[in-house]
Protein chains: 2
Amino acid sequence: MDQNKIPQATAKRLPLYYRFLNNLHHQGKLRVSSKELSEAVKVDSATIRRDFSYFGALGKKGYGYNVEYLLGFFRKTLDQDELTEVAIIGTGNLGTAFLHYNFMKNNNTKIMMAFDANPEKVGKDIGGVPIYHIDELEEKINGVQVAILTVPASVAEGITNRLVDVGISGILNFTPARITVPDSVRVHHIDLAVELQALVYFLKHYPLNTEE
Amino acid sequence: MDQNKIPQATAKRLPLYYRFLNNLHHQGKLRVSSKELSEAVKVDSATIRRDFSYFGALGKKGYGYNVEYLLGFFRKTLDQDELTEVAIIGTGNLGTAFLHYNFMKNNNTKIMMAFDANPEKVGKDIGGVPIYHIDELEEKINGVQVAILTVPASVAEGITNRLVDVGISGILNFTPARITVPDSVRVHHIDLAVELQALVYFLKHYPLNTEE
DNA sequence: GATAAGTCGTGATTAAATTCACAATTATAT
DNA sequence: ATATAATTGTGAATTTAATCACGACTTATC
C-alpha cells in the first residue's frame, strides 16, 4: 500500500514473474538465476535483478534465488491472499473467453458475475459464474472492484458511466472507445485492433535480422 | 520502409490516431486541434504534436489539423492500401472474437483463414473465414504474414515452431506461454491474466485522487 | 583450504519517452 | 486594419526505463 517507489514498468512485470516462478515451483525447481528466468520470460537479466532489488535483497550472490522463498514473497506483495472481485460486462466471445479462463489458478482475482443485454443468456451461468441482465447492474454489482468491459463500442460510454456511479475502482477496457472517467477510477485500455495494426506497422518499418 | 527514426512509442499510437481521425471524418469535422484529439484519445496534446511532427509539419499554427488531409496522410503512412494477410490459430472464444471483429473497416489487414484441432469446427466458416484442421497448416497458410495465436498454452510452443518453419513474419501471442522464435520473427505478447493482475496491483499500490 | 566459476545488487551510464514553455503563425472579432 | 485568441512545432528540461559493468559474496571443485 506504500511502495510508491516501484516503477510502473516493474509493476507490470510482476505478475509475469509470479506466474513463471509458480511454474518452476511446480516443476520442483529449488533455485533459479536471473539468467534462466530471463530466457523464460524474455526480459533482460539485469532488468530482472533491478526489478527484484526494489523489494530488497531477495537473492544470494553466486547462488541465485530460492524459488519457494521468492514465490512466497511475491504472493504477499501481489496480495495473492486478498481477493479482488471482478465482473464481466458483456458475454460475447471475448467476455466468454474470460469466463472460461481459470484465473484462480495463479491469481488474487475472482470473477463473481457477468452481465449481458441478451435475454437468452441471462439466468444461465458460464464456468460457474452467473449471468445477470445489464439492467440489474446497479442491484447486483455490490462489492465488485474491477470491471472487464467487453461490450460493443456503441454502449461503452453509457455503461462506463453506470460503473462509475456504482463506485467501481478499475476498468479493463477492451472496446475501441476511449472512455472518460473521473480521476478516481483507473482504466487500462487493451485495443485488439490497434495491437494488430501496430504489429503490422513494426513488421513493415522496423526490419528484423533475416539471417537465423 | 525507411522511417526508422520514428520512436516505437509513437508508432504504437498511430493506429489509434488513425481510427479517431476516421471517426471525426465520418462526423463531418473539417479541422481538429491537438487539444481536442488529446481529450478523445487520452494522450497528452504535446505528445500528439510531437508524434505528428516526426512526419513533418502536418498542421497549421493557430488553426490545428485538417482532418481530411491528416487522414489521407496516415492512410499512406500506415500502408492502408497494402494488405497484410492474417491467420487465426485456435478458434476458441478468443479466436472466434477476432473472426467476428470486422477488421477491414479501418485496416490494412485481412483474416484469410483459421485453424483448429477440433474436427467439429473444421470445414465450417465463421464470418466468411474458412476453418481448416491444424494438420493442414503447412499446406494452406501460404502467403499469410501474421498469425494470431489463440491456442491453449500447452501447444503454443509446438505450433510456434511450425509457424516459424513455414516462414511467418509476425505473431500476436495471446497465450500465457512466452514463446521462443528466431530474431527474424516479431512477437507481441498480450497476456490477459497479466493485464488483469497488473490493473489490480496498480489499484492497490498507486492510489488515485479520490475527490472527484 | 585454495582456486575457479557463478551470480547478485547496484552505481553509473545510456537510451527513450514525455512534458514544459514559448516564439511564430493563423484565424477571428470588432 | 488592428487587436486578441488560438494553436502549432520544437529546443530544452525532465522523467522514466534499460543496460553496462564490476565489486562482493557463494558455491563447487580439486
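Residue numbers begin at 1 in each chain, while the letters A, B, ... track the order of the sequences.
- As rounded to whole Å, 15 Å separates atom C1' of C:dA16 from atom CD1 of B:I6.
- In this structure, CG of B:L37 is placed 10 Å from P of D:dT8, rounded to the nearest angstrom.
- Remark: A:K42 pairs with B:T180 by the side chain to side chain donor-acceptor pair (under 3.5 Å) rule, at least two apart or across chains.
- Look at CD1 on B:I48: it is 16 Å from P on D:dT10, rounded to the nearest Å.
- Atom CG of B:N66 and atom P of D:dT7 are 15 Å apart (whole Å).
- Atom CG in A:D51 sits about 16 Å away from atom P in D:dT16, given to the nearest Å.
- One atom, OH of B:Y54, and another, P of D:dT8, lie 16 Å apart when rounded to the nearest Å.
- Evaluation of the side chain to side chain donor-acceptor pair (under 3.5 Å) rule for A:T175 yields A:N173 as partners, not counting sequence neighbours.
- Sorted by first and then second residue, the ring-ring contact (aromatic ring centres under 6.0 Å, His included) pairs with a member in residues 146-185 of chain A read A:F98-A:F174; sequence neighbours excluded.
- Scanning for side chain to side chain contact (heavy atoms under 4.5 Å, CB included) contacts around B:L58 gives B:F52, B:F55, B:Y65, B:Y69, B:L70, B:F73, with sequence neighbours left out.
- Residue B:D44 qualifies as enclosed at atom CG: its count of foreign heavy atoms under 6.0 Å is above 12.
- In this structure, B:Y206 atom OH and D:dT16 atom P are separated by 11 Å, rounded to whole Å.
- The side chain to side chain donor-acceptor pair (under 3.5 Å) search around A:S34 returns A:R49, not counting sequence neighbours.
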> For nucleotides 4-12 of chain C, read 5' to 3', which letter fits each nucleotide if B means a protein heavy atom sits under 4.0 Å from the base, S means only the sugar-phosphate is that close, and - means neither?
Replying inline: --BBBBBBB
